[in-house]
Colleague: 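This structure is in structure tokens; I'll ask about it shortly.
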Protein chains: 2
Amino acid sequence: MDYHSFKKKYASFGKDIFQEIFRNNQDVIRIKKEKTALGNLEKIFNAVFSISCKKGFHAMSMRDLSEKTNISLGALYGYFPGKKQLLSIIQSQGDAMIRKVLARSSTAHEHPRNQLASVIKAHVFMSEMYRPWFYFIFMEAGRINPAQFKAVESMEKYTGKILVDILKQGEHQGVFKPGNHELTAGMIKAMQQEWYLKRWKYRRLKISVDEFADHLIAVVEAFCLAG
Amino acid sequence: MDYHSFKKKYASFGKDIFQEIFRNNQDVIRIKKEKTALGNLEKIFNAVFSISCKKGFHAMSMRDLSEKTNISLGALYGYFPGKKQLLSIIQSQGDAMIRKVLARSSTAHEHPRNQLASVIKAHVFMSEMYRPWFYFIFMEAGRINPAQFKAVESMEKYTGKILVDILKQGEHQGVFKPGNHELTAGMIKAMQQEWYLKRWKYRRLKISVDEFADHLIAVVEAFCLAG
DNA sequence: GTCTATACACAGATAGAC
DNA sequence: GTCTATCTGTGTATAGAC
């Protein structure tokens, strides 16, 4: 599967993000009309990503956010109870989204080789579709309070385990070489992260997501495949 | 070469860091007695790394720094002219240090295979010795002002070029397979970064620097070596 | 629901005694 | 060289008119 068809398949995910946020946080969001809320939530989140990509979330002031969104300072507080809570909304929403897609993609194939390639691609394509979320969570999450670091750790374990399980299963079937699968999983995850952490570099080199993902899989298979 | 012998060879580098900082910034450091300055500079830098690792540089207040170092708020300003300048001192000092070591290690061997392995190891070992510097520069640099982002870009290009040159040279000699060397270099750098960005994970898994570096080189060679 | 005006806390930085 | 006390700007958050 290439990025184009992946995007089509998961297009629906994106549309509902702000709806989910709105509904999951009814208790803290003061705005009651869903229609106006959704539009403004989108503006707000995009602005947060854009500003904190440049200077970091902590350095972003509420006044910055107000300017960028054209929503007044006072009105902003109708959409979230405070700056800290905004951070944790982004974190937990992103978390849920990633888990949902990854869980689906890891059961799509039978053969370990295809399974591995499929999971790797899903993650890279996912990070392309929602790059601001991925980048933000990596750079900002876990640095505010210990509870959020726990979430980062847990996610790291979760995505790691998916890869390790496939590698073990593949070794058992004689498809993959034996080895330190934890380490290999770490290497794979590092390469996946490269895509959303340094995308400016690959844009400049004119390397597409598909090229990147294929190269990544080629590296992994060269190392893992038996025979 | 393993980490132990690398550390011995480059031990002298560490001792002089604060001396270099002190001498390179005579114009802005008000403290004149070198001996007292060196001790306090070390305390200050370690505190900066420790605090901003947890909450980020921007979230670290000068009062936080004062508490952690047991140096009063006013006295701190004798060691650097302001918070922003402190950031740029760390950035440029780290930059110079990395370039110095990398330049030396890339000319240590003749055969491309050894050269590649040597450069990769040097970088990983380097990041182990000065992990706080590496982590700090990755997380904080380039997010304050555009000039510092330029420095990040330039460093990325520099380390990338070293790898690409070796890969090209190796391909020319028939040692390495042909391929998109820019992409391969990106993958290598991603895996190198993994070590200092997620060290807590490898500490928990009880994986040593040497194991990590060897695994990384094994992955790279499986993909790159011809035949 | 959205705005402006403002309260209040805390940041970086300096002055001046010791 | 180091301290305490303080100045001044900026940040988050709220109150209350529209």
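Below, read A as the first sequence line, B as the second, and so on, with proteins coming before strands; counting in each chain starts at 1.
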Colleague: To the nearest angstrom, how far is K33(A) atom NZ from dG1(C) atom C1'?
Modeller: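 Spelled out: NZ on K33(A) to C1' on dG1(C) is 8 Å.
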Colleague: Could you state the NZ-P distance from K55(B) to dC10(C), rounded to the nearest angstrom?
Modeller: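 After rounding, the gap between these two atoms is 12 Å.
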Colleague: Rounded to whole angstrom units, what separation is found between the NZ atom of K43(A) and the C1' atom of dT2(C)?
Modeller: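 One finds 12 Å between C1' of dT2(C) and NZ of K43(A), rounded.
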Colleague: Can you measure E67(B) atom CD to dT2(D) atom P for me and round it to whole angstrom units?
Modeller: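 My rounded result for the distance is 18 Å.
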Colleague: So how far is it from N46(A) CG to T69(A) OG1, rounded to the nearest 0.5 Å?
Modeller: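 These two atoms lie 11.0 Å from each other.
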Colleague: Side-chain donor-acceptor pair under 3.5 Å between R99(B) and S154(B), yes or no?
Modeller: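 The criterion, which ignores hydrogens and geometry beyond distance, is satisfied for S154(B) and R99(B).
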Colleague: Would you please classify the geometry between the F18(A) ring and the W133(A) ring as parallel, tilted or perpendicular, with 30° and 60° separating the classes?
Modeller: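 If you compare the ring of W133(A) with that of F18(A), the planes turn out tilted.
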Colleague: Nearest whole Å is fine: how far is dG1(D) C1' from N70(B) CG?
Modeller: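 In whole Å, dG1(D) C1' and N70(B) CG are 16 Å from each other.
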Colleague: Does the cation-pi check pass for K83(A) over F57(A), that is, NZ or CZ under 6.0 Å from the six-membered ring centre and within 45° of its axis?
Modeller: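 Judged by the rule, K83(A) and F57(A) form a cation-pi pair.
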Colleague: Looking only at the side chain of A75(B) (C-beta and beyond, no hydrogens), which of the listed nucleotides dC3(D), dG1(D), dC3(C) gets closest?
Modeller: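 From the listed options, dC3(D) comes nearest.
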Colleague: Write down the distance between CD1 (I71(A)) and C1' (dT4(C)), rounded to a whole number of angstrom.
Modeller: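 Nearest whole value for this atom pair: 16 Å.
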Colleague: Distance check: side-chain N/O of N40(A) vs OP1/OP2 of dT2(C), anything under 4.0 Å?
Modeller: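 Affirmative; the distance criterion is met.
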Colleague: Parallel under 30°, tilted from 30 to 60°, perpendicular over 60°: which one fits the rings of Y202(A) and F212(A)?
Modeller: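 Correct class here is perpendicular.
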Colleague: Identify the pairs formed between an N or O of the protein and an N or O of nucleotides 9-14 of chain D at a distance under 3.5 Å, and give each distance.
Modeller:
{"from": "dG11(D)", "atom 1": "N7", "to": "R63(A)", "atom 2": "NH1", "distance (Å)": "3.4"}
{"from": "dT12(D)", "atom 1": "OP1", "to": "M60(A)", "atom 2": "O", "distance (Å)": "3.4"}
{"from": "dT12(D)", "atom 1": "OP1", "to": "K83(A)", "atom 2": "NZ", "distance (Å)": "3.1"}
{"from": "dT12(D)", "atom 1": "OP2", "to": "M62(A)", "atom 2": "N", "distance (Å)": "2.6"}
{"from": "dT12(D)", "atom 1": "O4", "to": "R63(A)", "atom 2": "NH2", "distance (Å)": "3.3"}
{"from": "dA13(D)", "atom 1": "OP2", "to": "Y77(A)", "atom 2": "OH", "distance (Å)": "3.1"}
{"from": "dA13(D)", "atom 1": "OP2", "to": "K83(A)", "atom 2": "N", "distance (Å)": "2.9"}

Colleague: If I take atom CG in residue L76(B) and atom P in nucleotide dG1(D), what distance separates them, rounded to the nearest angstrom?
Modeller: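 So the two atoms are 15 Å apart, to the nearest Å.
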Colleague: Measure the distance from CD on E34(A) to P on dG1(C) and round it to the nearest whole Å.
Modeller: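 These atoms are roughly 11 Å apart.
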Colleague: Going by distance alone, is a donor N or O of one side chain under 3.5 Å from an acceptor N or O of the other, for K198(A) and Q193(B)?
Modeller: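 A pair is found: one side chain offers a donor N or O, the other an acceptor, under 3.5 Å apart.
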